[in-house]
Amino acid sequence: MANLLRCLTVAITLLVAAGQGRAQVAPLIQNIDARSTISLDGQWQAIVDPYDVGAFDYRGQPLKNNGAFYKNYKPQTKSELVEYDFDASGRLNVPGDWNTQRESLLFYEGSVWYKRSFDYGKSPKKRVFLHFGAVNYMASVYFNGEELGQHEGGFTPFDFEITDRVRPEDNFVVLRVNDVRAKENVPTVNTDWWNYGGITRPVTLVEVPETFIQDYSIQFEKGSTRQIRGWLQLNGPQLRQSVTIRIPEAALSKTFQTDAAGRVEFSFIVDLTLWSPEDPKLYSVEISTATDHVVDRIGFRSISVQGTDVLLNGKSLFLRGISIHEEAPTRSGRAWSQDDARTLLGWAKELGCNFVRLAHYPHNEAMLRMADQMGVLVWEEVPVYWTIQWENPDTLRNARNQLAELIARDHNRAALIIYSVANETPISEARNRFLSQLIQQAHFSDPTRLVSAALQADESKDGNRLSIHINDPIANELDVMGNNEYIGWYTHRVADLDFTDWNSKYDKPLIMSEFGADALFGDHGDSQSRWTEEYQESLYVHQVAMLKRIPFLRGATPWVLKDFRSPRRTLPGIEDYFNRKGLVSDHGEKKKAFFVLQKFYRESQFQLGTKR
Ligand code: GCB
């Protein structure tokens, strides 16, 4: 069995690697923050290049000469023609989207070249990697005038090894970042969020020993609260080594031997305080080999489903959630920092949440680390959103790669309980096949977590009663069903919520993954008037009453915590390119509906789904 599993793992890794196509990225290094690092964050020189003249000549052929911006070439004589100059160009902050750093770039979609120089005293027998937290959407990465490779996908981390290329002085990294939307991409051309371009998450130089601990999983076996089942992968020339895992606080120390491929799978029994939202206990876990040493903060808990129940540490619970976009709470643009994470999750906790849906793409790692610390359960998601190219094998490879990178980054986080593989995707044979592969991949790569998708249901009318039927064949393969509904906003009237019944043919838990209404903070009127806080408040009152009547409901993540930018939202004076379904405005002010949900969550803490 173990051998079969290993063969399958290798097959999946190869498949995913093949899917990266142009990307020659290195395998992801787990837990970057625990390594020896130097931050490359700060001001980078930037050239805005809407016509891609830094990459292609006027015949559309790739530039190889000194005109290519990645060469960072300087004229050698006063007569030499060189039409770019990083040193004389403006600067952009990294991490940061470009759209909110310059007014002229708010709607810009295209290429921006980034450059940064650094000196580096490499210690002997060390390896050096360039780590990018995320770059949206396509990153072409160059180092000291040569191409390292490309990475596709705007929300997951990637590394390039530069051990043999780094020099003591005057290294320069150049990136061509392109965020042009394309039909075959993931996400595709149509979304309801801002296409924030740029190096949106931290850039880090990571120094590791020649043979280093590349990745590890130390988690409870599915359903268990005592049995650890894990694995560890070394990278480097000395692959056969003994590995010691210690949890000093629990007086635990176990030693294992890696095989010729640098891998070891292990299991052992522990007696630990379980992680939960009420008591988010994290242990320092020390992993050592003869050549490397990594410390992580890991929480231990089990998550499973039984019929329509979601069980955390064996006990049924109701997931009191909220959906969140990755937008900064107190400024404009993409969120990325610990402070951003603390504020966003702080608002969620103030609402009474024990759960958040990080929509619609992988959020930054700080969010997961903060959720671990603050005790907030997490649903993570890949941007398989609306109508992507279900029949296109490259689109599938791209989605699989983004899912693989997300799982690789977060698979030790206690807070993370659900991977969602899709949002509001229209049922078809091709779509079912596509999603089925993602679901299998998530289950296989991380058997300890639950898999979901935000579906849409059918409906029928009988007199004044509205019947909603969850009837999507893909639900057969999910552990938890998500469902988005906009009764009272896009469909029907708010009053219809009082006459709505929910049915499901699956014996599975349901999370109402979206509902909501737009309201401009400070816009007041009666509850029938669109865009007012009172309309939104009334919709929440009726939605909550309806939710309480759904017997198989085990959670909700209303749409959405905070107003967020969207190019689809053009209504002047109200939307102004913001989706206004936030319970908090884009300036951080709480709308009336915030307090309706808060009341529901405070009450339901002790009533719903607590069969103890
Ligand atoms: C949805 C989408 C979400 C949108 C939301 C809306 O169903 O999943 O991305 O932002 O509706 O506000 O229309």
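Because only heavy atoms are used, hydrogens play no part in the values below, and waters and symmetry mates are left out as well, while side chains stay in. Just so you know, ligand 1 is whichever comes first in the structure, and atom 1 is the first atom listed for that ligand.
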| Which protein residues have a heavy atom under 4.0 Å from ligand 1? | Asp192, His360, Tyr385, Asn423, Glu424, Asn484, Tyr486, Tyr490, Glu514, Trp559, Phe564, Arg569, Asn579, Lys581
| query | Restricting to pairs with a member in residues 457-479, which pass ring-ring contact (aromatic ring centres under 6.0 Å, His included), not counting sequence neighbours? | reply | none
| said: Regarding His443 and Asp479, do their side chains bring together a donor and an acceptor under 3.5 Å, going by distance alone? | reply: yes
| Counting only heavy atoms not in His524, do more than 12 sit closer than 6.0 Å to its NE2 atom? | yes
| message | Would you say Asp526 and Ser529 are linked by a side-chain donor-acceptor pair, where the criterion is simply a distance under 3.5 Å? | response | yes
| said: Could you check whether Trp489 and Phe515 have their ring centres less than 6.0 Å apart? | reply: no
| field | Nearest-0.5 Å distance that lies between atom CZ in Phe499 and atom CG in Asp462 | value | 13.5 Å
